[in-house]
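Here's the structure, in structure tokens; my notes come after.
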Amino acid sequence: LFFLSDVYLKYLGWSLSDKDPRVRRAVLAALRALYAASAENLALMDTFNARFQPRIAEMLHDVDASVAVEAIGTLAALHAAGVVPREEMQPVTALLLDADARVRAAAARVVPALLAGDAAARAGAEAEAEEDEGIATSRPKKKAATAAADDEDAKTRDTLMSLVALVQRLGGSRARAAGAVDALWDEFGDVMSEWGVALDAFLREEPARGGGGGSRTGGKKPGSVKARKREKDEDAGVPADDAGTADGRREPMDAAAAAGLANLLACAARRARGERLVQPEGAPRPYTKAQRESHERAREAFTQSAMRSLPAALRKWRSDEAVVAPLLETARHLRLEHYSLRHKEKAFDELAAVVAEIFRAHSGRRTLDACAAALHHAVTEGSESIREMARRRVDATYAEAAEKLRAAAAEAAEAAKKAKKDSSSRGGAAADAAEDGAQFRARVELMRLNALLSLMPPPERASLKGG
């Protein structure tokens, strides 16, 4: 302990800026060992930490990746000891998208502790709020097995939503979500592979507490203790929980959370199938037999859950492109032969009908491509009966898009003639607007046909005429 005085520690601090990366790495490793040894060491190093903690944070972006990895571990040790607050760990989670795989893996190893701390903070805040507001905390008793399963599902769902919040803070784009899922897979792959819990989360509709008034706030006043506590947690960077009620029931998921979970689910389904979400440096290693078998088991498990919940989730969120597009992207991972083996061809036809309905209702590129990919998957895989039903859906979709395109083109031509004729009169503006509307509808139908044609040949011309 004699050498933990500032007289000696300053040399360690100065060495954090040494030009040799081996020295910087060794100093960080030594500091982490000191922090982990005992709380007494931390107490003696208060002045040192106050002076050199900013330098350790700067080393997260060291030019040498091995030094950055050690800096991540050192900051994690300081956070675990309560020296570094939660909001100052955000730069560490941002490294989940770093170009170096070692840095991404080191950042991912810190995330479980961060999420556990966030969960503990939320639980403490809710318990305090319930106590301050005088809310009874008794729960109806359940059978032990049912209660244990519900608790496990609730923990999984909370972890998933915490991961969604983490990805959204990283930017939330498709590429960033894929990079974050790839980095976190070793730590949270089992959680992200709980397909049933993830899909069922889209369907949860329990009402909020507060007398059935339909309020999304569960009857809580804006100035309540719980609301103020939530605002304080948000200011500190602690993600909000999706559990909005004090009696154990949850409010329906909002659109932003649903979109984030859908993107997470789409990336997780790809990763579980063995797709590489982030291209490794150099030639990738081929998967071993055990890994390929694991990928197939994951696909089987996803199919079992998606057969039950995916159509309902698509139907519920069909008006929200940000949610249905990534959900539709998961459909190509289904093992369609299960519909035939279980004599559930009708269930498949309902799924195909929902996909076709969404295809006709939206014009976003991602949604159209996802619908076309789902239909193409159905046409090319599965039993003969499944492929035949899918082909009928595709033919009908082609015919409807072609018919609407012909109608829009004719309307645009007619509106152009009228606009030219009435160009000098007051009716010219209305004719121009009608022409613009017809041209827009034609462009939308062209986009739909393009999405289909990029994957599947059109049906026979007679089929189009008779559509």
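Using a 4.5 Å cut-off on side-chain heavy atoms (C-beta onward), W185 and R271 make contact. The shortest distance between side-chain heavy atoms of V394 and P459 does not fall below 4.5 Å. At a threshold of 4.5 Å between non-hydrogen side-chain atoms, the residues F48 and L31 count as touching. No side-chain heavy atom of L60 sits less than 4.5 Å from a side-chain heavy atom of V103. Looking at W195 and L265, their side chains come closer than 4.5 Å, going by heavy atoms from C-beta outward. You'll find the side chain of S162 reaches within 4.5 Å of the side chain of R122, heavy atoms only. The shortest distance between side-chain heavy atoms of R387 and E381 does not fall below 4.5 Å. Using a 4.5 Å heavy-atom cutoff, the side chains of H333 and E275 are in contact.
At distances below 3.5 Å, not a single donor-acceptor pair connects side-chain atoms of S294 with backbone N or O atoms of A290. Although no hydrogens or angles enter the test, the distance criterion places no donor-acceptor pair under 3.5 Å between the side chain of R335 and the main chain of R299. A donor-acceptor pair under 3.5 Å links the side-chain atoms of N263 to the main chain of A259, judged by distance alone. Under the 3.5 Å distance criterion, the side-chain polar atoms of R360 are left unmatched by any main-chain donor or acceptor of T397. Remark: side-chain polar atoms of R104 are paired, donor with acceptor, to backbone N or O of D98 under 3.5 angstrom. Judged by distance alone, the side chain of H79 and the main-chain N or O of V84 form a donor-acceptor pair under 3.5 Å. Put simply, the side chain of W317 gets close to the backbone of F202: a donor and an acceptor are under 3.5 Å apart. Panel note: side chain R332, backbone A374; no donor-acceptor pair is recorded below 3.5 Å. A side-chain donor-acceptor contact under 3.5 Å links Q168 to the backbone of A256. Without hydrogens or angle criteria, T93 side chain to Q90 main chain gives a donor-acceptor distance under 3.5 Å.
The nearest pair of heavy atoms linking A325 to A370 is O-CB, 3.7 Å. Summarising the geometry of H377 relative to A331, their closest heavy-atom pair is CD2-O, 3.5 Å, with the distance given to 0.1 Å. For the pair V110 and A76, the tightest heavy-atom approach, listed with the atom from each and the gap, is CG2-CB, 3.8 Å. Between D369 and A451, the shortest heavy-atom distance links the atoms OD1-CB, 3.8 Å. Of all heavy-atom pairs spanning A108 and A183, the tightest one is CB-O, 3.2 Å. Taking both residues in full, the closest heavy atoms of S309 and D200 are given as OG-OD1, 2.9 Å, listed atom of the first, atom of the second, then distance.
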Subject >> Residue pair Y35, N49: steps toward the side chain to side chain contact (heavy atoms under 4.5 Å, CB included) verdict >> reply: CA-CA 10 Å; Y35 295 144; N49 291 335; 2.5 Å; yes
Subject >> Candidate pair D395 and R391, rule salt bridge (charged side-chain N to carboxylate O under 4.0 Å, His left out), full reasoning >> reply: CA-CA 6 Å; D395 290 351; R391 172 50 66 184; 3.4 Å; yes
Original post:
What's the verdict on side chain to side chain contact (heavy atoms under 4.5 Å, CB included) for H338 and S383, showing C-alpha distance, side-chain angles and the deciding distance?
Top reply: CA-CA 9 Å; H338 281 277; S383 65; over 6 Å; no
**OP:** Please assess R174 against E329 for the test salt bridge (charged side-chain N to carboxylate O under 4.0 Å, His left out), listing each intermediate value before the final yes or no.
**Re:** CA-CA 12 Å; R174 294 173 67 182; E329 289 171 354; 3.3 Å; yes
**OP:** Let me see the working for V111 and L96 under side chain to side chain contact (heavy atoms under 4.5 Å, CB included), right down to the final yes or no.
**Re:** CA-CA 10 Å; V111 173; L96 291 169; 4.3 Å; yes
Subject >> Trace of the side chain to side chain contact (heavy atoms under 4.5 Å, CB included) decision for L277 with C267 >> reply: CA-CA 8 Å; L277 304 181; C267 294; 4.2 Å; yes
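Shown here are the side-chain contact (heavy atoms from CB on, under 4.5 Å) partners of S363, two or more places apart in sequence or in another chain: V444.
One finds the OG1 atom of T74 at 14.5 Å from the CZ atom of F52 (value rounded to the nearest 0.5 Å). A distance of 13.0 Å separates CD of E321 from CZ of R365, quoted to the nearest 0.5 Å. To the nearest 0.5 Å, the span separating CZ on R292 from OG1 on T288 amounts to 7.0 Å. Here the CG atom belonging to L351 is positioned 10.5 Å from the CE atom belonging to M389, to the nearest 0.5 angstrom. Taking CE from M59 and CD from E70, the interatomic distance works out to 9.5 Å, rounded to the nearest 0.5 Å. Taking CZ of R443 as the start and CZ of R448 as the end, the distance is 13.5 Å to the nearest 0.5 Å.
Using a cutoff of 4.0 Å between basic side-chain nitrogens and carboxylate oxygens, R25 and D62 are not scored as salt-bridged. Under the 4.0 Å criterion applied to side-chain N and carboxylate O atoms, E187 and R109 are not assigned as salt-bridge partners. Using a cutoff of 4.0 Å between basic side-chain nitrogens and carboxylate oxygens, R297 and E300 are not scored as salt-bridged. Between R24 and D64 no salt bridge is recorded (no basic side-chain N to carboxylate O distance below 4.0 Å). With respect to K155 and E194, no salt bridge is recorded, no charged nitrogen being found less than 4.0 Å from a carboxylate O. Salt bridge absent: D182 and R276 never bring a charged side-chain N and a carboxylate O closer than 4.0 Å.
Under a cut-off of 6.0 angstrom, the local environment of CG in D20 is crowded, with over 12 non-hydrogen atoms contributed by other residues, nucleotides or ligands. Taking a 6.0 Å sphere around OH of Y287, one finds it holds more than 12 heavy atoms contributed by other residues, nucleotides or ligands. Within a 6.0 Å radius of CZ in R273, more than 12 heavy atoms belonging to other residues, nucleotides or ligands are found.
A cation-pi geometry, defined here as NZ or CZ lying under 6.0 Å from the six-membered ring centre and within 45° of its normal, does not hold between R392 and Y398.
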